[in-house]
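One structure is given here, and the rest of the page talks about it.
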Protein chains: 2
Amino acid sequence: MKEGPQISIIASLIGDPARANMLTALMDGRALTASELAAVAGITKQTASTHLAKLSTGNLLVREVQGRHHYFRLKDEKIAHVLETLMSFAEHNTQGRVRVGPKDPALRKARICYDHLAGEQGVFLYDALLKNQWLYNDKDTINLTSKGQGIFEIFGIDIETLNKNRRPICRTCLDWSMRRHHLAGGFGAILSGLFDKKWIYRDKTTRIIHFNPRGETQFKKWLT
Amino acid sequence: MKEGPQISIIASLIGDPARANMLTALMDGRALTASELAAVAGITKQTASTHLAKLSTGNLLVREVQGRHHYFRLKDEKIAHVLETLMSFAEHNTQGRVRVGPKDPALRKARICYDHLAGEQGVFLYDALLKNQWLYNDKDTINLTSKGQGIFEIFGIDIETLNKNRRPICRTCLDWSMRRHHLAGGFGAILSGLFDKKWIYRDKTTRIIHFNPRGETQFKKWLT
DNA sequence: TTCATAGTTCGAGCTTAACCGTACCATCGC
DNA sequence: GCGATGGTACGGTTAAGCTCGAACTATGAA
């Protein structure tokens, strides 16, 4: 009776097509300017401005002002998780044939999800890290092993960032396309490492992550 | 660009306060009549009827006609999962003080979530079943051990129902209040067993599950 | 200073949809 | 058969909110 309206406020914020387009565009964790968001939503800047104000006061987005540019970003990974859940549901709920995942095979293979790797490769990464006992799964939080600590250091990933705020951050979330867990939270730092090593690169317009041929073999090699 | 509207359709269905109240009222997995749902939403039957039609065509609800009564139920546990995710987010997202779970301590202790036990007791159940090796966690699906099979039979739970459609059903979902996994899917049959044994009973108006004093001790005893 | 760009605010138009009153249909009990 | 109850269909009203044009502010460049 009282939590109904609670969720309806959030849902109605996502329920507008223009706002939904903006939010999905921000799903990759990047910050976009108001004009860019207006473009992806197909509306004028004035309209976009009011939408962005609503999303900000609704605590779905945060605004960061740099000079005359206003950058907007998803507030945290919690809202990203909500959006992924909705996407997953919408995907399976479409009338007609049922699909088990995103249409685009590339999206299913590897994509960015807020700040971490998702898709088949994300699940592979998660499994491999556990298998090699670099991480261990205590109940439902994930922690570094001493063995893993050494490996990550060699790999050039800052252990500090992994450990910094590892409390709410060592969370696993269900993968959209594979219905399996992949690595979320602070361990997204691994993603930066992959970029730095140029094993992967981002698609400019979508959430797809491409592996360089050499990068992929080295990625597999690293994890076996 | 194209999945934005996809999720906005779902979200706008949940985004109406009256509909959100209906959906949360159905979160316990029971089927309610149109009149009952009109009452919980605080609207007339006519208005409720149009809402329910929209929710049904949107594949969020299923309608079951029995005589002159129309019963409505959540379509599947996927939509229940979406609603739980939204509730969790709304709870943590409220302005002012942050709360880690439902306001009501009873709700946090034990509540019904679609067709299974959630809350502290749900997490306890999940942990205990794994610890006793009645279930085992293979990757992210949960299966019965031979040991567990015997125990459940003694306990009077139909193994068939547990096994029937165990594919998409052995799913774990994040608990709303505890941020831990509890048992979902087909193993909700365990819940029926608890009811049959009269260890637990339901609150009439809320999702709260109460333990009978004797039931609680026997529950603990069973799981140790 | 002057101009251009990025963004917000205000006001007005317009569409959508939630809501209820009335009327209508189906089922159950008598 | 009849009345009572549960539910839907339709029409009109009202309110909300999405949208954009125009005006205004702030930053940056010439």
Side-chain angles (χ1 to χ4, degrees), chain A residues 1 4-26 30-75, chain B residues 1 4-26 30-75:
Chain A
M1 203 77 103
Q6 275 274 45
I7 71 168
S8 74
I9 293 170
I10 310 292
S12 68
L13 281 174
I14 309 174
D16 179 77
R19 285 195 292 260
N21 276 325
M22 293 179 173
L23 290 169
T24 54
L26 292 170
R30 281 185 304 188
L32 297 179
T33 66
S35 300
E36 289 170 324
L37 288 168
V40 302
I43 52 180
T44 63
K45 287 186 295 185
Q46 306 92 291
T47 309
S49 182
T50 63
H51 283 310
L52 291 169
K54 287 179 185 178
L55 290 173
S56 299
T57 58
N59 276 326
L60 303 197
L61 298 184
V62 284
R63 156 185 279 140
E64 205 169 324
V65 180
Q66 284 184 17
R68 54 181 173 181
H69 295 276
H70 290 215
Y71 285 93
F72 292 88
R73 197 162 24 84
L74 294 186
K75 194 196 172 194
Chain B
M1 202 75 105
Q6 275 274 47
I7 70 168
S8 74
I9 293 170
I10 310 292
S12 68
L13 282 174
I14 309 175
D16 179 76
R19 285 195 293 261
N21 277 325
M22 293 178 173
L23 291 169
T24 54
L26 292 169
R30 282 186 302 188
L32 297 179
T33 66
S35 299
E36 290 171 322
L37 288 168
V40 302
I43 52 180
T44 63
K45 287 187 295 188
Q46 308 91 297
T47 308
S49 183
T50 63
H51 282 310
L52 291 169
K54 286 180 186 177
L55 290 173
S56 299
T57 57
N59 276 325
L60 303 196
L61 297 184
V62 285
R63 155 186 277 141
E64 205 170 323
V65 180
Q66 283 183 18
R68 54 182 172 177
H69 294 275
H70 290 216
Y71 285 93
F72 292 88
R73 198 161 25 84
L74 292 187
K75 195 196 172 195

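On a predicted model such as this, the values are computed, not experimentally measured, just so you know. Note on naming: letters A, B, ... go to the chains in the order of the sequence lines (proteins, then strands), and numbering restarts at 1 for each one. Only heavy atoms go into these numbers, but all of them, side chains included; no hydrogens, no water, no symmetry mates.
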Rounded distance in Å - [atom1] ([X]) to [atom2] ([N]):
{"X": "A:Lys54", "N": "C:dT8", "atom1": "NZ", "atom2": "C1'", "value": "14 Å"}
{"X": "B:Tyr71", "N": "C:dT27", "atom1": "OH", "atom2": "P", "value": "15 Å"}
{"X": "B:His70", "N": "C:dC25", "atom1": "NE2", "atom2": "C1'", "value": "10 Å"}
{"X": "B:Ile43", "N": "C:dG21", "atom1": "CD1", "atom2": "C1'", "value": "15 Å"}

Check every atom of C:dC28, C:dG7, C:dA4 against the side chain of A:Arg68 and return the nucleotide holding the closest atom.
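Minimum distance to the A:Arg68 side chain belongs to C:dA4.
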
Nearest to the side chain of A:His69, which nucleotide is it out of C:dA18, C:dA6, C:dT8?
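Within the option list, the nearest is C:dA6.
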
The single option from A:Thr24, A:Leu55, A:Ile14 passing side-chain contact (heavy atoms from CB on, under 4.5 Å) against A:Arg19
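Only match with A:Arg19 under side-chain contact (heavy atoms from CB on, under 4.5 Å): A:Leu55.
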
Heavy atoms of B:Ala31 and B:Tyr71 approach each other most closely as O-CD2, 3.7 Å

Select from A:Asp16 and B:Gln46 the residue whose nearest nucleotide in DNA chain D is closer to the 5' end of that strand.
B:Gln46

Does any non-hydrogen side-chain atom of [Y] lie less than 4.5 Å from one of [X]?
{"X": "A:Met22", "Y": "A:Ile43", "answer": "yes"}
{"X": "A:Leu37", "Y": "A:Leu26", "answer": "yes"}
{"X": "A:Lys75", "Y": "A:Leu61", "answer": "no"}

Name the first nucleotide and the last nucleotide along DNA chain D (5' to 3') that come under 4.0 Å of a heavy atom in chain A.
D:dC18 to D:dG28

Inter-residue atom distance A:Thr57.OG1 - A:Asn59.CG, 0.5 Å rounding
8.0 Å

B:Leu74 side, atom CG; B:Leu60 side, atom CG - distance, nearest 0.5 Å:
8.5 Å

Where the side chain of A:Ser56 meets the backbone of A:Leu52, is there a donor-acceptor pair that is under 3.5 Å apart?
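It does hold such a pair.
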
Are the side chain of A:Arg63 and the backbone N or O of A:Ala53 linked by a donor-acceptor pair below 3.5 Å?
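No, the answer is negative, given that no donor and acceptor are paired below the 3.5 Å cut-off.
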
If an axis is fit to five pairs at each end of the helix from C:dT1-D:dA30 to C:dC30-D:dG1, what is the angle between the two, to the nearest 10°?
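Terminal axis comparison yields 20°.
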
OP1, OP2 of C:dC19 versus side-chain N and O of B:Lys45: anything below 4.0 Å?
no

C:dC19 OP1/OP2 closer than 4.0 Å to side-chain N/O of B:His51:
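Answer yes for this pair, as a side-chain N or O of B:His51 is under 4.0 Å from OP1 or OP2.
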
By the 4.0 Å heavy-atom rule, please label B:Thr33 as base, sugar-phosphate, or nothing.
sugar-phosphate

